[in-house]
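In what follows, a single structure is set out as structure tokens and then discussed.
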Amino acid sequence: MATSTKSKPKAKPKVKARAKRRSPKKNLVIVESPAKARTIEKYLGHSYKVVASKGHVRDLPKSKMGVDIENDYEPHYISIRGKGDTIKELRSAAKKAKKVYLAADPDREGESIAWHLSHILDLDPNDDNRVVFHEITKDAVKESFKHPRNIDMDLVDAQQARRILDRLVGYSISPLLWQKVKKGLSAGRVQSIALWLIIKREKEIENFKPQEYWSIDSEFKKGRSKFKASFYGLKGKKKDLPNNDAVQDILKQLDPKADFDITKVVRRERKRQPQPPFTTSTLQQEANRRLNYRTRKTMMAAQQLYEGINIGKEGSQGLITYMRTDSTRIATIAKHEASTFLHEKYGAEYAATKPIKGKLPEGAQDAHEAIRPTSVFRTPQSLKQYLTRDQFRLYQLIWSRFVASQMTPALMDTMAVTIEQNNVTYKANGSKMKFDGFLKIYGDGKEKDNLLPDLETGDKVKLISNKPDQHFTQPPARFSEATLIKALEENGVGRPSTYSPTLETIQRRYYVKLVGRRFEPTELGEIVNKIIVEYFPDIVNIDFTANLEDKLDDVEEGKENWIRLVDTFYKPFSSEVESATENMERVQIKDEPAGFNCDICGAPMVIKMGRYGKFYACSRFPDCRNTKAIVKKIGVTCPKCHIGEVIERKSKKNRIFYGCSRFPDCDFVSWDKPIGRNCPKDGHFLVEKKVKGGTQVVCPNGDYEEPAQK
């Protein structure tokens with residue numbers, strides 16, 4: 001009998017546990033700004049992670065000197081307050097990374113940031129982990145990662161030397177100014193020179209004595225053609241006209257009804273050469289002159305253009321090369337690209353075969369190219385929709401200047417004519433554009449033809465009118481931001497990266513103020529300058545400071561030891577500090593009486609000097625803390641409430657506007673100055689507007705205007 005057996009259930013096949021996939025380690029790239037990080041990460045692809053240090057991560061402490069003078073000026077660096085989270089994130093990312101690349105900006109400051117990063121991340125500064133790029137384009141960035149290098153300690157030492165020198169000066173003089181003058185003051189090497197130049201110019205203006213001189217502008221005609229000429233001299237020799245008597249002596253020698261002789265006609269072809277592309281200094285000057293940009297605004301917009309802008313299908317692109325440079329050198333590839341563009345767009349006659357080369361200023365570094373567009377084919381108009389107004393105007397300026405520098409000269413036909421009668425000599429000059437050349441791209445709007453009739457030697461012309469004019473010599477103009485930067489550069493004081501913060505500092509400390517785009521020293525600035533000139537003469541010695549800049553450049557090139565340089569400066573300077581501490585008397589900035597009493601306690605009000613200028617304060621301070629802004633009345637009743645007075649105010653950006661003294665009860669405001677009269681057409685209040693060469697009274701509604709006044 002067969003027995004049945006139950007079949008055993010089959011065992012389930014064992015499923016192998018899947019191995020947990022580990023994502024491959026990425027290369028970490030550390031740049032300075034988040035905007036740059038986003039742009040570069042797109043170029044490098046998935047195997048790279050790009051993060052930003054957001055500038056410096058370590059610096060000297062703010063609470064003390066931070067320099068060990070007795071121990072070879074050893075700096076004591078600490079992590080910058082507020083950077084704790086950033087440092088923590090960088091350390092965490094570095095631990096997970098396959099390799100860390102330090103890609104801060106390609107200058108002394110950037111090299112120093114890379115060096116500080118290597119310390120906080122425990123990287124070997126001798127390792128090839130430093131990457132630099134002078135333009136943020138895909139090709140340039142990828143190429144730079146093929147050639148990493150170690151950190152250049154000469155560049156780091158040059159930055160350290162500058163930082164330590166500035167700290168020694170600032171933290172030695174500033175406490176003296178706090179003690180002897182008032183709290184909140186500071187002094188520095190470059191800012192003291194800038195202040196000294198402004199005050200020196202102010203004294204030249206105060207001491208200027210105008211000299212009288214005259215001119216005689218005349219009009220002649222040949223046939224029906226009229227032209228202008230000016231008195232030149234006697235018997236072909238130049239003669240000045242110091243007064244009206246000299247003018248009358250000349251006029252007595254002339255017979256207005258008789259003919260005048262054309263004694264000489266010189267025709268020439270004159271070339272006008274383009275300017276080289278921008279350096280940092282010339283960009284700041286030209287943006288101030290043409291666009292009315294403050295230096296800080298220029299550098300902010302330039303930084304954004306350098307770091308990258310999203311331009312549609314091409315993604316984020318760096319639009320200009322690095323903006324801190326004092327070289328006018330241009331890469332060969334950029335020259336070829338510009339030549340191709342000019343041949344295609346304008347024709348061969350506009351493309352220079354040998355473009356102009358800018359002269360490198362004495363002491364300037366040639367480490368970087370000039371400021372130029374990364375691609376000349378990205379014209380300003382093609383990018384306009386992607387840029388802010390400020391970015392567009394600055395990019396247009398940079399692009400135009402670069403393209404113009406690669407173009408042929410403008411050609412002018414000139415004509416110089418000498419006119420005589422009874423040994424009295426007049427001269428007339430004419431010009432006509434023959435070929436516009438680079439002016440097609442980069443003109444200043446003043447290139448107008450001044451045509452003369454077809455005159456030849458021996459021709460006779462008639463005098464239509466003589467117009468004698470009295471003039472007086474003018475004092476030198478106050479410095480604008482552009483002319484002050486030019487003066488600092490010409491004197492070898494400071495470097496491209498220092499100009500913007502220097503101008504910011506002297507305004508923030510209220511040593512100077514901008515009035516009509518020109519610097520005027522304040523009373524406080526004059527007090528500080530007087531102290532520095534008397535007790536620290538080397539600080540305001542231009543030759544001394546310029547020589548120091550040259551020595552810093554020598555440190556960068558490995559020709560000078562930074563410790564020896566600092567020691568050479570500090571030893572005599574420390575003696576001056578000791579002498580000033582002993583001998584400097586306390587300066588009393590006396591409060592001026594305001595002429596009215598405090599409306600809280602009844603004590604007299606006084607005028608005090610504050611961080612942002614003068615203001616009214618109670619003389620019983622600190623017992624009474626009543627303060628009032630000093631307002632300037634313009635003598636006009638408010639056209640809205642008809643009760644308050646119109647006063648001059650300033651916006652946060654220091655722009656003058658006009659408002660009612662009863663604010664906030666009355667909200668009347670106007671950018672233009674009300675004049676106290678109403679429009680005869682619609683009854684609206686009239687205002688005074690600034691126009692070219694003077695002012696003009698107009699109705700804001702556009703219904704009425706009066707002739708402009710000079």
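Partners of Ser118 under the side-chain hydrogen bond (donor to acceptor under 3.5 Å, both in side chains) rule, at least two apart in sequence or in another chain, do not exist in this structure. For Asp166, the side-chain hydrogen bond (donor to acceptor under 3.5 Å, both in side chains) criterion is met by Arg189, not counting sequence neighbours.
Between the side chain of Tyr511 and the backbone N or O of Ser186, at least one donor-acceptor pair lies under 3.5 Å. Checking side-chain atoms of Ser144 against main-chain N and O of Val141 turns up a donor-acceptor pair under 3.5 Å. Listed for the Asp107 side chain is a donor-acceptor partner under 3.5 Å among the backbone atoms of Gly110. Under a 3.5 Å cut-off, the side chain of Glu549 and the backbone N or O of Gly494 do form a donor-acceptor pair. Ser382 places no side-chain N or O within donor-acceptor distance of the main-chain N or O of Arg378, the cut-off being under 3.5 Å. Not a single donor-acceptor pair under 3.5 Å links the side chain of Glu481 to the backbone N or O of Arg294. Within the 3.5 Å criterion, the main-chain N or O of Gly312 finds a donor-acceptor partner in the side chain of Asn310. In this structure, Tyr293 contributes its side chain and Asp390 its backbone to a donor-acceptor pair below 3.5 Å. A donor-acceptor pair under 3.5 Å is absent between the side-chain atoms of Asn491 and the main chain of Val493, judged by distance alone. Side chain of Ser112 to main chain of Arg108: no donor-acceptor pair is present (N/O by atom type, distance under 3.5 Å, no hydrogens or angles).
A salt bridge links Lys689 with Asp672: at least one charged nitrogen is closer than 4.0 Å to a carboxylate oxygen. Salt-bridge check for Glu369 with Arg372: passed, with a basic side-chain N closer than 4.0 Å to an acidic carboxylate O. The pair Lys513-Glu202 does not count as a salt bridge, with every side-chain nitrogen at least 4.0 angstrom from each carboxylate oxygen. Under a 4.0 Å N-O distance rule, the pair Lys486/Glu489 does not qualify as a salt bridge. Ion pairing of Lys99 with Asp127 is present here, as a side-chain N (NZ or NE/NH1/NH2) and a carboxylate O approach within less than 4.0 Å.
Proximity of Val51 to Val29: side-chain heavy atoms (C-beta onward) are nowhere separated by under 4.5 Å. Using a 4.5 Å heavy-atom threshold, the side chains of Thr374 and Gln317 count as separate. Using a 4.5 Å heavy-atom cutoff, the side chains of Thr545 and Asp543 are not in contact. By the 4.5 Å heavy-atom criterion applied to side chains, Glu520 and Arg478 are counted as neighbours. Residues Ile30 and Ile113 are not in side-chain contact: their nearest non-hydrogen atoms beyond the backbone lie 4.5 Å or more apart. Considering only heavy atoms from C-beta on, Gln285 comes within 4.5 Å of Ser281 through its side chain. In this structure, Gln303 and Met299 have side chains that are not in contact, with every pair of non-hydrogen atoms separated by 4.5 Å or more.
For the pair Ala103 and Phe133, the tightest heavy-atom approach, listed with the atom from each and the gap, is CB-CZ, 3.8 Å. Nearest heavy-atom pair, Leu552 versus Arg162, reported as atom, atom and distance to 0.1 Å: CD2-N, 3.8 Å. Counting all heavy atoms, side chain and backbone alike, Tyr386 lies closest to Gln391 at O-OE1, 4.5 Å. Ala428 and Lys228 make their closest contact through CB-O, 3.4 Å (heavy atoms, listed as atom of the first residue, atom of the second, distance). Closest approach of Asp105 to Arg130, counting heavy atoms only: O-NH2, 3.0 Å. Nearest heavy-atom pair, Tyr43 versus Thr137, reported as atom, atom and distance to 0.1 Å: CE1-C, 3.6 Å.
Counting only N and O atoms by type, the side chains of Gln396 and Ser400 include no donor and acceptor under 3.5 Å apart. Between the side chains of Thr279 and Thr282, at least one donor-acceptor pair of N or O atoms lies under 3.5 Å. In the model, Thr298 has no side-chain atom that pairs as donor or acceptor with a side-chain atom of Gln284 under 3.5 Å. Side-chain atoms of Arg517 and Asn292 include a donor-acceptor pair closer than 3.5 Å. One side chain, Thr39 or Ser316, offers a donor N or O that lies under 3.5 Å from an acceptor on the other. If you check the side chains of Glu135 and Thr321, you find no donor sitting under 3.5 Å from an acceptor. Side-chain N/O atoms of Thr325 and Arg329 include no donor and acceptor closer than 3.5 Å. No side-chain N or O of Glu32 forms a donor-acceptor pair with one of Ser53 less than 3.5 Å apart. Donor-acceptor pairing under 3.5 Å is recorded for the side chains of Ser480 and Thr483.
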Inset, instruction - For ring pair (Phe, Tyr, Trp, His ring centres under 6.0 Å), just list the numbers for Phe435 and Tyr350, CA-CA rounded to whole Å, side-chain angles, deciding distance to a tenth of an Å, and then say yes or no. - result: CA-CA 10 Å; Phe435 175 67; Tyr350 283 95; 4.8 Å; yes

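Seen from the ring of Phe278, Arg324 does not count as a face-on cation partner, given the 6.0 Å and 45° thresholds.
Aromatic ring centres of Trp399 and Phe341: separated by under 6.0 Å.
A perpendicular orientation is assigned to the rings of Phe145 and Tyr101, their planes being inclined by more than 60° (bins at 30° and 60°). Note: His56 and His116 have perpendicular aromatic rings, judged against thresholds of 30 and 60 degrees for the angle between ring planes.
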Pairs of donor and acceptor atoms involving the side chains of residues 403-414, under 3.5 Å and at least two apart or interchain, shall be tabulated with distances.
residue, atom, partner, partner atom, Å
Ser405, OG, Phe402, O, 2.6
Thr408, OG1, Glu349, O, 2.9
Thr414, OG1, Arg268, O, 3.3

